[in-house]
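Since the structure comes first, as structure tokens, the remarks are kept for the end.
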Amino acid sequence: MASAAFSGNSSHTMDAKGRVTIPAAYRAALGEDFTVGMNNELSAIALYPKSRWESIEEDLNRIPPTDIKGMRYVRLINGNSFPDTQLDAQGRVLLPQALRNKAGLVKNVRFVGVGQSIEIWDESRYVRENESAELACGDLLSYVNELYYKPRN
């Protein structure tokens, strides 16, 4: 499968057991087996399709065990990841308690498509982050243009 392109967002409710229904629009691209982990900022839970997670694992495997600082990062990522996750018959996923705690998830959550993965945010935390990003939109656009879109010599 080519890397999925996730976009859009939707609000949902997590049940008392920590299960949440994956929006139907995301299910096919997510695939049957996926990885539940944290996003790079440790601010939300991330769902990675199998092909994307395999790419992340390849990158992590390039870090030699003798690189102590690098291995701290590998340990952080792998220690907070749950590969081979599947949806139940109702299209729900159980989000591990440790990850729910890190992301501050209690009940109201927001699914956000971020290209190659899906993030699950605490609803109020996402609203604050989105408002902050909107206020900084000009600076963010300049940063992205300079770093990623400016022609290289």
Side-chain angles (χ1 to χ4, degrees), residues 1-65 67 69-137 140-141 143-144 148:
M1 176 175 106
S3 56
F6 298 101
S7 61
N9 72 85
S10 63
S11 296
H12 285 262
T13 303
M14 185 173 59
D15 71 15
K17 294 180 180 178
R19 296 175 300 193
V20 65
T21 301
I22 303 297
Y26 294 148
R27 290 182 198 165
L30 190 57
E32 291 185 21
D33 294 313
F34 55 93
T35 295
V36 177
M38 295 298 293
N39 69 353
N40 285 337
E41 299 171 78
L42 305 179
S43 57
I45 292 177
L47 306 180
Y48 301 96
K50 188 171 190 156
S51 61
R52 175 66 181 132
W53 187 251
E54 287 171 350
S55 175
I56 291 169
E57 284 183 324
E58 286 176 19
D59 290 342
L60 292 174
N61 286 335
R62 292 187 356 222
I63 300 171
D67 180 344
K69 188 172 184 178
M71 288 306 295
R72 287 185 76 199
Y73 179 72
V74 170
R75 195 173 300 111
L76 176 67
I77 300 304
N78 282 338
N80 288 291
S81 300
F82 298 83
D84 301 319
T85 301
Q86 297 178 342
L87 300 178
D88 68 12
Q90 288 78 40
R92 299 175 302 188
V93 62
L94 174 63
L95 302 174
Q97 180 70 50
L99 300 188
R100 295 195 316 256
N101 292 345
K102 287 180 187 308
L105 303 183
V106 179
K107 183 173 177 116
N108 297 318
V109 299
R110 178 77 65 105
F111 283 87
V112 181
V114 290
Q116 296 183 34
S117 64
I118 304 165
E119 292 182 343
I120 305 173
W121 286 74
D122 169 74
E123 178 74 25
S124 59
R125 184 185 244 182
Y126 173 77
V127 168
R128 287 191 307 273
E129 169 59 24
N130 195 56
E131 289 172 350
S132 175
E134 287 175 357
L135 290 172
C137 187
L140 296 173
L141 180 59
Y143 171 82
V144 169
Y148 298 102

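- F34 has its side chain out of reach of P83: every pair of non-hydrogen atoms, C-beta onward, lies at least 4.5 Å apart.
- Looking only at side-chain heavy atoms (C-beta outward), V109 and V20 come within less than 4.5 Å of each other.
- Here S117 contributes atom OG and E119 contributes atom CD; the two are 5.5 Å apart, rounded to the nearest 0.5 Å.
- You'll find the ring centres of Y26 and F6 inside the 6.0 Å limit.
- G70 and D67 make their closest contact through N-OD1, 2.8 Å (heavy atoms, listed as atom of the first residue, atom of the second, distance).
- Side chains of V36 and P96 form a contact here, defined as non-hydrogen atoms less than 4.5 Å apart.
- Side-chain atoms of I120 and R110, non-hydrogen and from C-beta on, never get closer than 4.5 Å to each other.
- In R72, the CZ atom is not crowded: 12 or fewer heavy atoms of neighbouring residues, nucleotides or ligands sit closer than 6.0 Å.
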Next item on the list: Give the C-alpha distance, both sets of side-chain angles, the deciding distance and a yes or no for side chain to side chain contact (heavy atoms under 4.5 Å, CB included) between T13 and N108.
Entry: CA-CA 5 Å; T13 303; N108 297 318; 3.9 Å; yes
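- Aromatic ring pairs are classed by plane angle as parallel below 30°, tilted from 30° to 60° and perpendicular above 60°; the pair W53 and Y48 is tilted.
- The shortest side-chain heavy-atom distance between I45 and M38 falls under the 4.5 Å cut-off.
- Contact check for Y126 versus N9: side-chain heavy atoms found under the 4.5 Å cut-off.
- One finds the NZ atom of K50 at 10.0 Å from the CD atom of E32 (value rounded to the nearest 0.5 Å).
- Note that CD1 of I77 and CG of N40 are 6.0 Å apart. Values are rounded to the nearest 0.5 Å.
- Within 6.0 Å of CG in N78 there are more than 12 heavy atoms belonging to other residues, nucleotides or ligands.
- For the pair P23 and H12, the tightest heavy-atom approach, listed with the atom from each and the gap, is CG-NE2, 3.4 Å.
- Checked against L105 for a side-chain contact (heavy atoms from CB on, under 4.5 Å), the options R125, Q97, M14, E123 give a single hit: M14.
- The nearest pair of heavy atoms linking L60 to V74 is O-CG2, 3.9 Å.
- Here the shortest heavy-atom pairing between F111 and I118 reads CD2-CG2, 3.8 Å.
- Checking E58, R52, E54 one by one against I56, the side-chain contact (heavy atoms from CB on, under 4.5 Å) holds for a single residue, R52.
- Rounded to the nearest 0.5 Å, atoms CG (L94) and CG (L99) are 10.0 Å apart.
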Next item on the list: Could you walk me through whether L87 and R27 pass the side chain to side chain contact (heavy atoms under 4.5 Å, CB included) test, one step at a time?
Entry: CA-CA 9 Å; L87 300 178; R27 290 182 198 165; 4.0 Å; yes
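- Between the side chains of E134 and N130, at least one donor N or O sits under 3.5 Å from an acceptor N or O.
- Between D84 and T35, the shortest heavy-atom contact is N-OG1, 4.3 Å.
- Looking at R92 and T21, their side chains never bring a donor and an acceptor atom within 3.5 Å of each other.
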Next item on the list: Take S43 and E129 through the test side-chain hydrogen bond (donor to acceptor under 3.5 Å, both in side chains) and record every step on the way to the result.
Entry: CA-CA 10 Å; S43 57; E129 169 59 24; over 6 Å; no
